[in-house]
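Working notes for the structure below.
Excluded from the calculations below are hydrogen atoms, water molecules and symmetry mates; all remaining heavy atoms, backbone and side chain alike, are included. Starting from 1, each residue takes its place in the sequence as its number.
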Amino acid sequence: MDLNYSPEELAFRDQVRAWLRANLPTDLRDKVARYAELTREDLLRWHRILARQGWVAPSWPREWGGTDWDVVQRYIFEEECGYAGAPPLIPFGLTMCASVLLKFGTPAQKQRFLPRIYDGDDFWCQGYSEPGSGSDLASLKTRAVREGEHYVVNGQKTWTTLAHYADWIFCLVRTDSAQKKQEGISFLLIDMKTPGITVRPLILMDGGHEVNEVFFDDVKVPVANLVHEEGKGWTVAKYLLGHERMNTARIGGSRRELEKLKEFAASQAKHGRSLMEDPRFRDKVTRVEVELMALEITNLRFLDQLRGGRAPGAEVSMLKIRGTEIQQALTELMMEAAGPLAQPFRAVDPAADFDDVMAGIAPRYCNFRKTSIYAGSNEIQRNIIAKMSLGL
């Protein structure tokens, strides 16, 4: 669906599609298509291919490697990558930490960290959630006490995505308990090789190791790794979350999954005819498709506001809510289409006759239960919209 793109924007889309066809490695595309686990090397390999092309960080200023694309071009690029089945670009460094450094970082911090993020030399993770401090992030308890030219950090982060791959973590820590809870929070950059850091896996219900607990025991962090001012980390966190939620709709990936669902359901028989000919099932698929079209139009409305110079506000929570609900709905319909053939486990013997795509359906369904929780649960997003946008 072109959605009134200009001729120049359509030409740009065609350019991106042609480049992806020529440069996205087949083995990585196949891994994504069959829901296989992507290793650290897989993720960084795709990152570096885009870095060599100069397309890995389109939103960055040109002086740091950006493309000078406008917001619509960046949107087209991201969605075409999703639609083509490219591995995800892990956002913690490229989108989140980099946006914070570009806004709040010192010249020395930018020079030290941004080139390495761009080239894929450092893998980053996000230290926000804690036991008892998830959606109510301002209640976090991890403490950082300044001792000379270092902070000494003690505490715990949880649900830390890909921390077992990470070289660095950006963390919210409490540097002052006397202030109201939104104050007295600071934003630190911490080397994961620092003594006193322990990473423990949290195995999800799909059997995958994706998230972790991270423990800090007397971890010494140079004061030079403080971003913005001490006690002003909440300002940084709010800025970062606005960027995080703009990237949770994942429309291109959902379009790809919708096409796969239709093709797969068409190959399944129910009462002697294709499952896609069953009125009840077809109605469910159609409803999701309409919701996806509406989400794409809504996303473009926000992009138009950004093009006019307006920063993303609380209303971007709509993208997070609907985008993740659509993602979950698609996995549910794939499970329904597979029926009892959905296989929750993989064969031990790699030579066994086994359908890898079918085997990935049930784990993917289980894994996508997380999407309505991360980046602030959807219930919290609705409260944000009610309070900040509707004034309720």
Quiz item: Under 3.5 Å, side chain of R62 to main-chain N/O of T67, donor-acceptor pair present?
Solution: yes
Quiz item: Using 4.0 Å as the upper bound for N to carboxylate O, is an ion pair formed by D42 and K31?
Solution: yes
Exercise. For the pair D70 (side chain) and V72 (backbone), establish whether a donor and an acceptor sit closer than 3.5 Å, ignoring hydrogens and angles.
Key: yes
Quiz prompt | Chi angles and distances behind the side chain to side chain contact (heavy atoms under 4.5 Å, CB included) call for L261, L330 | solution = CA-CA 8 Å; L261 168 65; L330 288 167; 4.1 Å; yes
Self-check item: Member of R112, R116, K193 meeting the salt bridge (Lys or Arg N to Asp or Glu O under 4.0 Å) criterion with D122
Solution: R116
Quiz item: With distance as the sole criterion, is a donor-acceptor pair present between the side chains of Q156 and E213 under 3.5 Å?
Solution: yes
Quiz item: Any chance the side chains of Q109 and N225 put a donor and an acceptor closer than 3.5 Å?
Solution: no
Exercise. Please list all pairs passing the salt bridge (Lys or Arg N to Asp or Glu O under 4.0 Å) test where one or both residues lie in residues 326-337, with sequence neighbours left out.
Key: K284-E336, E332-R369
Quiz prompt | Partner residues of W64 under the ring pair (Phe, Tyr, Trp, His ring centres under 6.0 Å) criterion, sequence neighbours left out | solution = none
Quiz item: Can you check side chain to side chain contact (heavy atoms under 4.5 Å, CB included) on Y151 and L188, steps first, answer last?
Solution: CA-CA 9 Å; Y151 289 99; L188 290 182; 3.9 Å; yes
Exercise. Might you work through the side chain to side chain contact (heavy atoms under 4.5 Å, CB included) test for W124 and L189, ending with a clear yes or no?
Key: CA-CA 10 Å; W124 285 78; L189 310 177; 3.9 Å; yes
Quiz item: What do you reckon, are the aromatic ring centroids of W60 and Y118 less than 6.0 Å apart?
Solution: yes
Quiz item: Looking only at heavy atoms, what is the nearest atom pair of S372 and Q328, with distance?
Solution: OG-NE2, 3.0 Å
Exercise. Please work out whether the ring planes of F123 and Y165 are parallel, tilted or perpendicular, with thresholds of 30° and 60°.
Key: perpendicular
Quiz item: Are a donor atom and an acceptor atom from the side chains of D191 and T194 found within less than 3.5 Å of each other?
Solution: no
Quiz item: Remaining members of V290's ILVMFWY cluster at a side-chain heavy-atom cut-off under 4.5 Å?
Solution: none
Quiz item: Would you call T298 and R301 a side-chain contact if the rule is heavy atoms closer than 4.5 Å?
Solution: yes
Quiz prompt | For D14, all residues meeting side-chain contact (heavy atoms from CB on, under 4.5 Å), sequence neighbours excluded | solution = none
Quiz item: Which atom names give the shortest non-hydrogen contact between Q327 and S254, and what distance separates them?
Solution: CG-OG, 3.6 Å
Practice problem: Would you mind listing every side-chain hydrogen bond (donor to acceptor under 3.5 Å, both in side chains) that reaches into residues 15-28, with sequence neighbours excluded? | Solution: R17-E80, W19-Q53, D27-R45
Quiz item: Quick one: are T161 and E210 in side-chain contact, heavy atoms under 4.5 Å?
Solution: yes
Quiz item: Is the closest side-chain heavy-atom distance between E291 and I326 below 4.5 Å?
Solution: yes
Quiz prompt | I90 side chain near L94 side chain, heavy-atom distance below 4.5 Å | solution = no
Quiz item: Which word best sums up how the rings of F77 and W55 line up, parallel for under 30°, tilted for 30 to 60°, or perpendicular for over 60°?
Solution: perpendicular
Quiz item: Is there side-chain contact between L162 and C125, with heavy atoms separated by less than 4.5 Å?
Solution: no
Quiz item: Distance only, no hydrogens: is a donor on one side chain within 3.5 Å (strictly under) of an acceptor on the other, for E9 and Y75?
Solution: no
Exercise. Check E229 against S186 and note the closest heavy-atom contact, atom names and distance.
Key: O-OG, 4.5 Å
Quiz item: Salt bridge check: are R382 and E325 linked by an N-O gap of less than 4.0 Å?
Solution: yes
Exercise. For R256 and A84, indicate whether the former's side chain and the latter's backbone hold a donor-acceptor pair under 3.5 Å.
Key: no
Quiz item: Does R174 use its side chain to pair, donor to acceptor, with the backbone of A138 at less than 3.5 Å?
Solution: yes
Quiz item: Looking at E289, E277, E257, which hits salt bridge (Lys or Arg N to Asp or Glu O under 4.0 Å) with K262?
Solution: E289
Self-check item: salt bridge (Lys or Arg N to Asp or Glu O under 4.0 Å): pairs with one or both residues in residues 149-166, sequence neighbours excluded
Solution: E130-K157, R146-E149
Quiz item: So, the side chain of H47 versus the backbone of I117: is there a donor-acceptor pair under 3.5 Å, distance only?
Solution: yes
Quiz item: Hey, does C97 have a side-chain heavy atom less than 4.5 Å from the side chain of Q126?
Solution: no
Practice problem: Establish, from distance only, whether the side-chain atoms of N154 and D217 form a donor-acceptor pair under 3.5 Å. | Solution: no
Exercise. Kindly indicate whether the side chain of W69, heavy atoms from C-beta on, has any atom under 4.5 Å from the side chain of F12.
Key: yes
Quiz item: Do the two ring centres, one from F187 and one from W234, sit under 6.0 Å apart?
Solution: no
Self-check item: Salt bridge R287-D283, side-chain N to carboxylate O under 4.0 Å
Solution: yes
Exercise. Please report the closest heavy-atom contact between P61 and L102, naming both atoms and the distance.
Key: CD-CD1, 3.6 Å
Quiz item: Is it true that a side-chain atom of T142 and a backbone atom of G155 form a donor plus acceptor pair closer than 3.5 Å?
Solution: no
Quiz item: Less than 4.5 Å apart, any side-chain heavy atom of W46 and any of L24?
Solution: yes
Quiz item: If you look at every heavy atom in L137 and S133, which pair is closest and at what distance?
Solution: CD1-O, 4.2 Å
Quiz item: What closest approach, in Å, do L38 and P88 show between heavy atoms, and which atom pair accounts for it?
Solution: CD1-CD, 3.7 Å
Exercise. Taking atom types as modelled, find out whether N378 and T324 have a side-chain donor-acceptor pair closer than 3.5 angstrom.
Key: yes
Quiz item: Between M334 and Y35, does a side chain to side chain contact (heavy atoms under 4.5 Å, CB included) hold up when you go through it step by step?
Solution: CA-CA 13 Å; M334 280 294 280; Y35 311 132; 4.1 Å; yes
